[in-house]
Each structure stands twice: as structure tokens, then as C-alpha cells.
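All of these numbers come straight from a predicted model, not from anything done at the bench. We count residues from 1, following the sequence as given.
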Amino acid sequence: MTIAHMRVTSLDQTNLSSLGSLTKASRAPIYTACALLAAYTCVPLGVAAVLDTDGYYVELAEISALAAIGVWLGSHIRMFDPLFRGDMPRIKVPAATLNGVLWIVFVLFVLVAWTTAERIPLLAAIGGADPDVIAVLREQFLKGREGWQASFVYINAILSGALIPYSIAMMFLHRMRLRWLAFAFFLVFCVSFVEKAFFLKATLPLFYLVAQRRIRVPLSPSVLVLGMLSLLMVVTVFSGAGAGESAADEAFFSTGYAPQGPVAHIVWRSVAIPVITAADAVRVLHENFNGQLLWGRTSSLIAGLTGMDHVEFERQVFAAEWGQSETGTGSSNSVYITEAYVNFGLPGIVIFSLIVGLLMRFFATSRDEAFRSLWPLFAMGIFTSGLIGLLFSNGFLMLFALGLFVRFTNLSHPREATFADTATPATAPLPPKP
């Protein structure tokens with residue numbers, strides 16, 4: 001081994017150790033609570049101090065502080081730990097059965113979605129289509145479907161939200177055949193409709209397993225991070241984002257701000273827009289509904305079960321921010337806190353946050369490393385959408401059911417992998433008690 005190779009290996013090990021510490025599932029609850037406090041309490045208070053607002057940012061900051069406390073408290077509920085750890089009897093299911101069913105359904109769905117689409121957004125972007133055209137094609141690819149194809153958006157959410165990422169994580173963890181082919185197919189699909197960060201559903205669980213030294217891949221952690229950032233940049237460029245007219249007189253925390261270039265657009269969309277949208281959700285509640293709680297009507301599931309009229313709240317927020325899109329399907333999703341608040345008020349925030357904290361504890365205490373690898377996706381989900389939809393429409397309720405009641409059989413022995421090319425057979429260590 002050369003000195004240069006030893007130095008590279010040492011650097012990779014250092015990076016891997018740092019990333020492993022940062023991505024530990026046992027730290028997911030405290031990370032989530034702190035992130036909520038920083039992003040939706042501290043930032044809104046700063047914005048409110050600088051901009052002349054109507055108090056909605058302050059209101060957002062107050063309810064977010066309550067939510068962060070609720071998540072922290074929920075993560076300390078220990079009564080379900082034996083169930084989370086798998087100490088209770090479970091139904092035994094061959095892993096090949098789950099993967100076979102999932103991938104047959106998913107491949108058929110993707111092929112139907114591609115062949116029935118007017119145009120695939122990625123191919124249109126490569127062909128030089130106008131950004132406005134690409135935006136319409138992106139909406140029409142899933143959300144804008146009509147008739148029997150209107151189910152596509154729900155099928156995609158259930159499969160791509162949690163079940164397919166879990167299957168891929170399992171395949172890599174246990175070195176199953178066709179794992180790279182499955183990953184590549186899912187990644188291509190995620191990119192094909194130019195939804196900027198959707199590809200993270202494919203890459204984040206894999207990145208977690210690498211960071212935790214559960215699998216080996218030909219690329220170092222730093223290269224994986226660079227690859228994800230590069231892919232985000234490419235998708236952003238293809239979508240035509242960041243090519244708008246300059247609007248230097250508009251504040252950064254404003255929907256009128258026009259970032260110049262893809263990097264500025266990514267920063268603005270990642271930092272400012274989530275906070276703006278959450279505050280606008282509070283504003284729409286007061287201005288459109290006089291502050292009256294909606295009692296679950298923002299959820300099509302709850303509205304359907306209770307016989308209430310469904311309120312397309314996220315579309316109303318989008319229309320208030322940007323004006324409705326050409327397809328009429330534009331939606332402004334925001335952190336789960338706003339869904340809890342507009343539907344059930346402060347008690348809703350407390351209950352939803354306790355549930356989030358408890359589910360984060362599930363990830364932290366589970367012995368299934370493939371299951372634990374999805375905690376970043378769940379965290380990303382609660383920061384970008386409501387909890388009800390995330391559980392019932394994005395496959396996470398099914399994932400939690402698998403984690404609680406099913407034990408998969410016929411799995412190879414997982415190994416701990418390192419970049420020093422020394423893989424020592426070992427069972428996955430039990431996570432520390434949070």
C-alpha cells in the first residue's frame with residue numbers, strides 16, 4: 001500500500017466517522033427538535049424583526065417552539081420500546097416475497113406512467129424545452145392526470161415515499177442480487193419528472209448505510225455528497241430555475257425575490273421558501289377562514305371518512321403566494337406544524353409533535369438497519385409536508401407496520417463495511433438508548 005493510498009484511506013475513514021456520528025438514528029429525535037427550533041422559531045423571529053409583517057412570523061415562531069418541545073418529549077416515551085426493538089413475536093415473511101411484489105408493481109407503474117405521459121419532463125428539458133413548458137409537464141406527469149390516471153400521484157407517493165427506498169436499503173444491506181439495477185432504475189425514475197429533490201428518496205438511505213459502515217460502495221463519502229449536490233444542480237438547471245428576471249429590490253424572505261442562477265435558487269428554495277410558506281399557511285388560515293380551525297378538512301382521507309367538505313388548503317396557500325398554476329394543481333406544502341395548527345390548533349400541535357417524537361424514537365431503537373436508514377426521509381417529510389399525508393399517502397404507515405409486526409427471513413448476514421477494505425462479519429449492534 002502506497003503512502004498516498006494510506007493518506008486517502010485515512011481521510012475517508014475520518015470522513016466516514018464524522019458522517020456516521022452525524023447520521024446516527026439514535027440522535028434523530030434531538031436533531032429534529034433542534035432543527036424545528038432553529039428553522040421555524042429562530043429564523044421567523046429574525047425575519048419578523050427586519051420585515052414589516054402582520055405578526056404571522058411571530059405566531060409561527062411561537063407554535064414551532066411548542067412543536068419542538070413536543071417532539072423532544074415524545075422521543076422520551078419508553079413504553080413502546082420492546083415493540084420497537086422487535087422483542088415481541090412477529091409474523092415471518094420471506095424478504096424475497098416483499099421485494100418481488102414491490103418491484104413488480106413499481107416497474108409496471110413506472111412503465112405505464114412513462115408511456116402514458118404527454119412528454120417526459122427530463123427528455124423535454126434535454127431537448128431544450130422552455131422552462132414554463134417543463135413546469136407544466138412536471139405538473140401533468142403525475143398531479144395533473146385525469147380519470148383512472150389520477151391515481152398515479154397516490155401510487156407513486158406510497159411506493160416511492162418509503163416502501164421502495166426501504167426495499168433498496170434492505171437489498172444493499174444484505175447484498176441481494178440486482179441491487180444496483182434496482183437503485184439505478186429508481187434513481188432514473190426520480191429524476192425523470194425533474195422534481196428537484198425527489199432523487200433524495202433514492203440516495204439518502206444508501207448514504208446513511210455508507211456513513212454507518214453497513215455497506216461498501218466504490219465511492220468515498222465525500223464523493224457521494226458531491227454527487228448528490230451535483231445531481232441537485234443538474235435537475236435544477238434542467239427545470240429552468242434561477243433564470244428569472246432580477247428583482248434586487250425584493251427581500252430574500254419574499255416570494256417576489258428572483259434568485260440569479262441555480263446555486264442561488266437552491267439556497268433560496270432551501271432556506272427562505274420553507275419559512276415563507278409556513279408563515280403564509282398561518283396567514284391563509286386567518287385571512288381565508290377568519291382563524292377558524294378546519295378540523296381535519298385539509299386531509300382528503302379525514303374529510304371523506306367524516307363526510308366533511310375537503311379543503312384544498314395547500315392549493316389556496318400556493319394561489320396566495322404565486323397565483324394558481326396553469327394545470328390548477330399547484331400546492332405549497334409546508335412543515336407538519338402548520339397542518340396540525342390550521343386543523344386542530346395548539347392541542348393539535350402538541351399531539352402531532354408527540355407522535356413525531358415517538359416515531360423518531362422508533363427509528364432510534366429499531367434493530368432493523370434498513371428501517372433505520374429511512375429516518376432522514378421521514379425527517380425531510382415532516383419538514384416539507386403534513387403528518388397525516390406523510391403517514392397515509394407516502395407509505396410510512398405501511399413501513400411502520402412492517403417494522404412493528406413483520407420479521408423478514410432468508411436474509412444474508414449483514415456485515416460492517418469500511419473503506420479500508422476490511423469487512424468483518426457481525427450482526428448489527430444494538431443502538432444506544434436515546
Please identify each residue that fulfils ring-ring contact (aromatic ring centres under 6.0 Å, His included) with F408, with sequence neighbours left out. none

Do L377 and P205 have side chains that get closer than 4.5 Å, going by heavy atoms? yes

Could I get the full list of side-chain contact (heavy atoms from CB on, under 4.5 Å) partners for L226, not counting sequence neighbours? S230

Filter on side chain to side chain donor-acceptor pair (under 3.5 Å), then keep only pairs touching residues 384-408, sequence neighbours left out; what's left? none

Value for CG (L374) from CE (M380), rounded to nearest 0.5 Å, stands at 10.0 Å

If the plane angle is over 60° it's perpendicular, under 30° parallel, otherwise tilted; pick one for Y40 and F383. tilted

Once you measure the plane-to-plane angle for F186 and F189, does it fall in the parallel (<30°), tilted (30-60°) or perpendicular (>60°) bin? parallel

With side chain to side chain contact (heavy atoms under 4.5 Å, CB included) as the criterion, how do F106 and S160 come out once you've worked through the C-alpha distance, each side chain's angles and the decisive distance to 0.1 Å? CA-CA 9 Å; F106 182 67; S160 301; 3.7 Å; yes

Without swapping roles, check the side chain of R269 against the backbone of A264 for a donor-acceptor pair under 3.5 Å. no

Any cation-pi pair here, K201 with F199, using under 6.0 Å and within 45°? no

Shortest non-hydrogen contact between S332 and V317, atoms and distance: CB-CG1, 3.7 Å

Contact check, side chains of V112 and Q149, non-hydrogen atoms, under 4.5 Å: no

What I'd like to find out is whether the side chain of L36 reaches to under 4.5 Å of the side chain of S64, using heavy atoms alone. no

Would you mind reporting whether E62 and T41 have side-chain heavy atoms less than 4.5 Å apart? no

Heavy atoms of other groups near M398 CE, more than 12 under 6.0 Å: no

Shortest non-hydrogen contact from V275 to P44? CG1-CG, 3.9 Å

Side chains of I266 and L229: does their closest heavy-atom pair fall under 4.5 Å? no

Determine whether the side chains of R297 and T306 contain a donor N or O and an acceptor N or O closer than 3.5 Å. no

Does the side chain to side chain contact (heavy atoms under 4.5 Å, CB included) test come out yes or no for L98 and M170, once each step is laid out? CA-CA 11 Å; L98 172 74; M170 182 191 297; 4.1 Å; yes

Under the side-chain contact (heavy atoms from CB on, under 4.5 Å) test, which residues partner A124, sequence neighbours left out? R119, A129, L137

If you take the centroid of each ring, where Trp contributes its six-membered ring, are F352 and Y341 closer together than 6.0 Å? no

Under a 4.5 Å cut-off applied to non-hydrogen side-chain atoms, are V406 and R90 in contact? no

Could you tell me if the side chain of V271 sits less than 4.5 Å from the side chain of F253, heavy atoms only? yes

Check side chain to side chain donor-acceptor pair (under 3.5 Å) between T298 and all other residues, then give those that pass, not counting sequence neighbours. N343

Test side chain to side chain contact (heavy atoms under 4.5 Å, CB included) applied to Y57 and I276, step by step: CA-CA 8 Å; Y57 282 94; I276 294 171; 3.7 Å; yes

Ignoring hydrogens, what is the shortest heavy-atom contact between E118 and Q140? Give both atom names and the distance. OE1-OE1, 3.2 Å

With rounding to the nearest 0.5 Å, note down the distance linking OG1 in T23 to OH in Y31. 8.0 Å

Would S167 and W103 count as having a side-chain donor-acceptor pair, cut-off 3.5 Å? yes

May I ask you to decide if W148's main-chain N or O and S151's side chain share a donor-acceptor pair within less than 3.5 Å? yes

When rounded to the nearest 0.5 angstrom, what is the spacing between CG in L66 and CD1 in I337? 9.0 Å

Which residue, I355, I349, L354, forms the side-chain contact (heavy atoms from CB on, under 4.5 Å) with I351? I355

Identify, with sequence neighbours excluded, every residue that meets side-chain contact (heavy atoms from CB on, under 4.5 Å) alongside W295. L293, F344

How long is the span from the CG atom in L358 to the CE atom in M79, to the nearest 0.5 Å? 9.0 Å

Closest approach of G296 and M308, non-hydrogen atoms and distance? C-CE, 4.5 Å

To the nearest 0.5 Å, what is the distance between NE2 (H310) and OG (S299)? 6.5 Å

When you measure from the side chain of R361 to the backbone N and O of S75, does any donor-acceptor pair fall under 3.5 Å? yes

Do you know the tightest heavy-atom contact between A68 and A33? CB-O, 3.5 Å

Of F392, F378, W375, F405, the one forming a ring-ring contact (aromatic ring centres under 6.0 Å, His included) with F400 is F378

Flag the pair F318 / F313 as yes when their ring centroid distance falls below 6.0 Å, and as no otherwise. no

Ion pair present between R85 and D368, side-chain N to carboxylate O less than 4.0 angstrom? no

Tell me, with the steps shown, if R145 and T116 meet side chain to side chain donor-acceptor pair (under 3.5 Å). CA-CA 10 Å; R145 302 279 185 141; T116 56; 2.7 Å; yes

Tightest non-hydrogen contact, residues L163 and L102, listed as O-CD1, 3.8 Å

Donor-acceptor contact present, side-chain R372 to main-chain A364, <3.5 Å: yes

In terms of the angle between their ring planes, are F362 and F371 parallel, tilted or perpendicular, with boundaries placed at 30° and 60°? tilted

Just by distance, do the side chain of W268 and the backbone of F252 share a donor-acceptor pair under 3.5 Å? yes

Using only heavy-atom distances, determine whether the side chains of Y336 and S353 contain a donor-acceptor pair under 3.5 Å. yes

Run the side chain to side chain contact (heavy atoms under 4.5 Å, CB included) check on I30 and M360 step by step: do they pass? CA-CA 9 Å; I30 190 63; M360 283 298 184; over 6 Å; no

Measure centre to centre between the rings of F152 and F141, then say whether the value is under 6.0 Å. no

Is the H286 ring parallel, tilted or perpendicular to the Y56 ring (thresholds 30°, 60°)? parallel

In Å and rounded to the nearest 0.5 Å, what is the CG to CD distance from L387 to E339? 6.5 Å

Side chain proximity check, L294 to F289, heavy atoms < 4.5 angstrom: yes

